[in-house]
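Because only heavy atoms are used, hydrogens play no part in the values below, and waters and symmetry mates are left out as well, while side chains stay in. Because the structure is predicted, anything quoted here is derived from the model rather than measured.
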Amino acid sequence: MENQEQRKARFTIVKEPEPLFPSARAQLDMETPEQKKAAAKKSKAIDAYLREEGKKFDPANHLNVLLLGPGDAGKSTVLKQLIMQNGGYAQKDREDMAELIQRQVYTAAIKLIRLEKAVNYFPIASTIMAAGYVPTDDDILQSRRKTENISETVLEMDGKFWHFVDVAGQKDKRSRWTAYMEKNVSGVLYVFSCSSYNQVLEEQHDLNRIVDALQLYQSIITNPLLKLRSVIILFNKFDLLDDKLRQYQIRDYLKDYPSVQEKGQYIKWLMEQFQKPSLQHKVDSFIFKTTATDKQLMNKVIASVRFRI
């Protein structure tokens with residue numbers, strides 16, 4: 001049997017080894033004041049970054065805005081203005097647009113040559129057709145591409161993420177809107193051409209464009225999926241109205257128009273046609289006369305839009 005001395009010998013006290021690396025506290029004590037200041041600044045930056053990243057996942061920081069209206073109304077041009085006011089187009093995006101604009105200029109030049117009206121157009125065309133051409137903001141605003149599909153653009157404004165959904169407005173494309181109406185919609189920008197009273201739909205030649213715009217508006221504000229309390233209405237292409245009024249009698253195209261051939265009276269009547277269903281269905285309507293290619297005018301309109309949504 002083991003005696004007491006033998007049992008003691010079996011146990012030895014192992015001394016804990018010194019740490020290979022100093023503790024966080026010890027390391028902090030070793031830092032110079034400049035290092036501590038730099039570390040605190042870096043920590044604050046990380047915290048700020050995490051807060052900003054957290055906003056992206058907070059539903060309260062996301063607004064869904066639908067750009068609705070008939071085809072050829074200028075909805076995509078309104079969206080371009082929104083992009084230009086919030087960082088603008090990157091160089092790569094401009095380069096991608098160059099080919100589209102050059103094709104459009106080439107097509108327009110051929111038409112003008114056939115009409116013998118191209119003399120003053122050549123200096124502009126030669127600039128755009130030159131190698132290395134990069135579109136300006138005005139070039140982008142003036143370019144036209146028919147919207148065939150639905151696109152979503154996210155812009156950060158006023159500390160929130162605005163999701164703008166641009167839709168194709170042709171009658172056969174409107175059924176696609178439903179999927180976006182089922183989302184939590186924060187607001188609707190309804191865009192139509194107020195100068196199109198003498199035109200019919202491309203897809204339905206017996207339907208006047210103004211009549212269609214009014215019918216479409218009413219169907220939107222009564223849609224149970226949207227549950228709208230307010231709508232912003234843009235009477236777009238206002239700049240074309242004077243020339244139209246000189247050439248085409250309103251009553252030849254809109255039989256219900258009761259007033260005289262005058263811009264102010266026509267706009268007043270048109271506003272009433274939109275306000276009647278709005279009042280009936282208790283939807284606030286805010287109307288703006290716009291020219292979507294006019295940057296200065298659209299700056300004011302967009303400021304109002306941001307305030308009201």
Is it true that the side chains of [X] and [Y] contain a donor and an acceptor less than 3.5 Å apart?
{"X": "Ser285", "Y": "Tyr190", "result": "no"}
{"X": "Asn86", "Y": "Glu156", "result": "no"}
{"X": "Asp294", "Y": "Gln296", "result": "no"}
{"X": "Asn236", "Y": "Thr290", "result": "yes"}
{"X": "Lys173", "Y": "Thr147", "result": "no"}

Decide, yes or no, whether a salt bridge links [X] with [Y] under the criterion of side-chain N to carboxylate O below 4.0 Å.
{"X": "Lys92", "Y": "Asp96", "value": "yes"}
{"X": "Asp72", "Y": "Lys237", "value": "yes"}
{"X": "Arg145", "Y": "Asp166", "value": "no"}
{"X": "Glu99", "Y": "Arg103", "value": "yes"}
{"X": "Arg246", "Y": "Asp243", "value": "yes"}

Open item on the list: Tell me the closest heavy-atom pair linking Lys75 and Pro70, and the distance in Å.
Closed with: NZ-O, 2.5 Å

- [ ] Measure the CD1-OH distance between Ile101 and Tyr133 for me, rounded to the nearest 0.5 Å.
- [x] 4.0 Å

TODO: Rounded to the nearest 0.5 Å, what's the gap from CE on Met84 to CE on Met298? Could you check?
DONE: 11.5 Å

Task: Partners passing ring-ring contact (aromatic ring centres under 6.0 Å, His included) against Phe235 (at least two apart in sequence or in another chain) - done: Phe192, Phe274

Task: Cluster link Ile221 to Phe286, ILVMFWY, side chain under 4.5 Å - done: no

Open item on the list: Quick check: is Ile210 connected to Ile220 through a chain of hydrophobic side chains (ILVMFWY, heavy atoms under 4.5 Å apart)?
Closed with: yes

Open item on the list: Assess the residue pair Ile128 and Gln102 against the criterion (side-chain contact (heavy atoms from CB on, under 4.5 Å)); give the C-alpha distance rounded to whole Å, side-chain angles, the decisive distance to 0.1 Å, and a yes or no.
Closed with: CA-CA 6 Å; Ile128 292 175; Gln102 287 172 332; 4.0 Å; yes

Contact check, side chains of [X] and [Y], non-hydrogen atoms, under 4.5 Å:
{"X": "Lys268", "Y": "Ser259", "value": "no"}
{"X": "Ile233", "Y": "Tyr217", "value": "yes"}
{"X": "Leu207", "Y": "Lys171", "value": "yes"}
{"X": "Met181", "Y": "Leu68", "value": "yes"}

TODO: Just do the side-chain contact (heavy atoms from CB on, under 4.5 Å) check on His62 and Val154 with the steps written out, would you?
DONE: CA-CA 9 Å; His62 290 259; Val154 182; 5.9 Å; no

Open item on the list: Once salt bridge (charged side-chain N to carboxylate O under 4.0 Å, His left out) is applied, do any residues pair with Lys289, and if so which ones, sequence neighbours excluded?
Closed with: none

TODO: Would you please test Arg94 and Asp137 for salt bridge (charged side-chain N to carboxylate O under 4.0 Å, His left out) and show each step?
DONE: CA-CA 9 Å; Arg94 293 177 186 273; Asp137 282 355; 2.7 Å; yes

- [ ] Mark yes when over 12 heavy atoms from residues, nucleotides or ligands other than Glu202 sit less than 6.0 Å from its CD; otherwise mark no.
- [x] no

Task: Residue pair Tyr197, Tyr266: steps toward the ring-ring contact (aromatic ring centres under 6.0 Å, His included) verdict - done: CA-CA 10 Å; Tyr197 66 84; Tyr266 168 66; 5.6 Å; yes

